[in-house]
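Reviewing the structure listed below.
No experiment lies behind these values; they were computed from the predicted model shown. Note: hydrogens, waters and symmetry copies are ignored here, and every other heavy atom, side chains too, is used. Naming: A, B, ... by sequence-line order, numbering from 1 per chain.
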Amino acid sequence: MHHQQLKPAEAASLPRHLLEAHVVALVRRCCPGLLALRAAHARLIRLRLPRLTAAFALSKLLASSSSSSCGAAPSYARNLFDQIPEPTAFCYNSLIRALSSAAGVAPAADTVLVYRRMLRAGSPLPNSFTLAFALKACSVVPALGEGRQLHSQAFRRGLEPSPYVQTGLLNLYAKCEEVALARTVFDGMVGDKNLAAWSAMIGGYSRVGMVNEALGLFREMQAADVNPDEVTMVSVISACAKAGALDLGRWVHAFIDRKGITVDLELSTALIDMYAKCGLIERAKGVFDAMAERDTKAWSAMIVGLAIHGLVEVALKLFSRMLELKVRPNNVTFIGVLSACAHSGLVNEGRRYWSTMQELGIKPSMENYGCMVDLFCRSSLLDEAYSFVTGMAIPPNSVIWRTLLVASKNSNRFDIVQSASKKLLELEPCNPENYVLLSNLYASNSQWDRVSYMRKKMKENNVNVVAGCSSIEINGYLHKFVVSDDSHPEIKEIRLLLREIADRVVRAGHKPWTAAVLHDVGEEEKEVALCEHSERHGSWLPALTGNATTMSIVGVYSTARQIFR
DNA sequence: ATAGGGTTAG
């Protein structure tokens, strides 16, 4: 009965519960996939089901089209919903669930509209499913305003105690980087906290870079006897990657193996990212090679990792392999490819990849444009860089203008300097970095009137230079340092050690750049030293990815540690 | 009657 075609005549004679069983089986069999769903839809129409069973069938189709395994189908879901004469809560909930897979900011706005429509209709009333799905839609955007409206709805309707609503709220705040709000929900959870809540909270801390909090909570979770799974571990590993905490990352990887946690696609990608960011590109490659299947993100993580290690040829070869295997690259993949070209001055190759990107129909992101500007600037093709910037399809951001400005400051292209600095101050009148950059630029040309003008403008805009900071992981704890901050309890020992390292670098006959960075030198020299460093090794240390002014003495220490390794 | 939280690359 379940596996054979049912004819309209037979359908008419079947009792309702058997018909419904048939509908359930039919819809279940065709999932996932929108096409199969449409075919099932057509067959159900041909059966000319009685009114109630037809509504039931439409509800089942709607629920199926809203599941994530079906692929994005919000418009189909709307279509189905509109055919249901008296939608139940189940129908509303499925429609809201389907909306969360739409692109852009639409899910949040549409969700609120559907929710309002439900309230206006007077019945059915929203239940915990409604809120859980609606909150999910707001989390994917993420949309804090809409989410807060839903929070107050949950409270007013007494649906707040539901663990699914709670996790939905917690996740919403975590996605919006409102960790304090997320923590309030987390702490207020009644009874035992479930795995999803722990994972969402750890993920929230990791997302905003509160690494110690993320790892601390991971320990608390184990103390509370909640067993982490592969989803939890993705956040934990990603926290290690953010911190550049290699020792900790290796320990966590060993933990994953010891506990027999499945290293799936996502966790492998997180591990690749972690090893690459922590400087162990070979281990990253090892994880990549061991993967059973690799999606765009996994390939991108590997290619970007190789690129930042300066392993340009390997990165580009891997990209060709990716194309051969018909994995579709996206703009992030091209960040890796283009930055690889920029790193080693492959201008023509970079241009070629840029057209490849166009041919593949990938719309360049700001970062992609940034890679090209960087590519031209590093090869001293200022004219090309400038005309590229002015011809961009989207308005260039401050990063682009800063790249151009730094590249042209030692040239005689005052027109570029002029226009770039003007744009920069328009776009970011409150970023101290720009004032430092421009002051230094004018000072080096002895344009003292302009230097003091900069100072005046800073005062006008109430801009204060904030100290850059850096961090290093030692024995599983992240130590933070701020430029010229001596408050670290072991600052004396740290300074002594740095001096020792500097001496050893010189004695070992290394280029003096390392020593230059280690001693208290001017920003300009640090910048030169960093450029040389990047060319030689790729900028694999997170501590060094900021500009020279945001680099603290301990950031340098970790560089030196890597060199001696 | 029918369904549900958390994760990944720049």
Nearest-angstrom distance from the residue atom [atom1] of [X] to [atom2] of [N]:
{"X": "A:Ile303", "N": "B:dT8", "atom1": "CD1", "atom2": "C1'", "result": "16 Å"}
{"X": "A:Tyr205", "N": "B:dT7", "atom1": "OH", "atom2": "P", "result": "16 Å"}
{"X": "A:Leu318", "N": "B:dA9", "atom1": "CG", "atom2": "P", "result": "18 Å"}
{"X": "A:His343", "N": "B:dG10", "atom1": "NE2", "atom2": "P", "result": "13 Å"}
{"X": "A:Met302", "N": "B:dA9", "atom1": "CE", "atom2": "P", "result": "15 Å"}
{"X": "A:Leu306", "N": "B:dA9", "atom1": "CG", "atom2": "C1'", "result": "13 Å"}

Should B:dG6 be called syn or anti, with syn set as within 90° of 0?
-> anti
Identify whether any heavy atom of A:Val332 sits under 4.0 Å from a base atom; if not, whether one sits that close to sugar-phosphate; answer base, sugar-phosphate or nothing.
-> base
The side-chain contact (heavy atoms from CB on, under 4.5 Å) partners of A:Glu349 (sequence neighbours excluded) come to A:Cys341, A:Leu346, A:Arg352, A:Tyr353
Verify the distance criterion only: is there a donor paired with an acceptor across the side chains of A:Thr296 and A:Asn330 at less than 3.5 Å?
-> no
Would you check if A:Arg402 and A:Glu428 make a side-chain contact, meaning some heavy-atom pair closer than 4.5 Å?
-> yes
Here the residues of residues 254-268 of chain A within 4.0 Å heavy-atom distance, strictly under, of DNA chain B are A:Glu266
Spell out yes or no: do the side chain of A:Asn330 and the base of B:dA9 have one donor N/O and one acceptor N/O closer than 3.5 Å?
-> yes
Kindly list each side-chain donor-acceptor pair under 3.5 angstrom involving residues 198-206 of chain A, sequence neighbours excluded, with atom names and distances?
| unit_1 | atom_1 | unit_2 | atom_2 | d |
| --- | --- | --- | --- | --- |
| A:Trp198 | NE1 | A:Lys193 | O | 3.4 |
| A:Ser199 | OG | A:Leu195 | O | 3.0 |
| A:Ser199 | OG | A:Thr232 | OG1 | 3.0 |
| A:Tyr205 | OH | A:Arg183 | NH1 | 3.2 |
| A:Ser206 | OG | A:Ser235 | O | 3.3 |
| A:Ser206 | OG | A:Ser238 | OG | 3.1 |
| A:Ser206 | OG | A:Ala239 | N | 3.4 |

Quick check, are the ring centers of A:Phe334 and A:Trp354 under 6.0 angstrom apart?
-> no
Indicate, with yes or no, if the rings of A:Tyr92 and A:Phe81 have centres closer together than 6.0 Å.
-> yes
Shortest non-hydrogen separation from A:Ala154 to A:Val165 and the atoms involved = CB-CG1, 4.0 Å
Can you pull the ring pair (Phe, Tyr, Trp, His ring centres under 6.0 Å) pairs that have at least one residue in residues 160-182 of chain A, sequence neighbours excluded?
-> A:His151-A:Tyr173
Using a 4.0 Å cut-off on protein heavy atoms (strictly under), produce a 5'-to-3' string for nucleotides 1-6 of chain B with B for base contact, S for backbone-only sugar-phosphate contact, and - for none.
-> BBBBBB
Give every donor-acceptor pair under 3.5 Å between a side-chain atom in residues 248-265 of chain A and any protein atom, sequence neighbours left out.
| unit_1 | atom_1 | unit_2 | atom_2 | d |
| --- | --- | --- | --- | --- |
| A:His253 | ND1 | A:Tyr275 | OH | 2.7 |
| A:Asp264 | OD1 | A:Glu266 | N | 3.4 |
| A:Asp264 | OD1 | A:Leu267 | N | 2.9 |

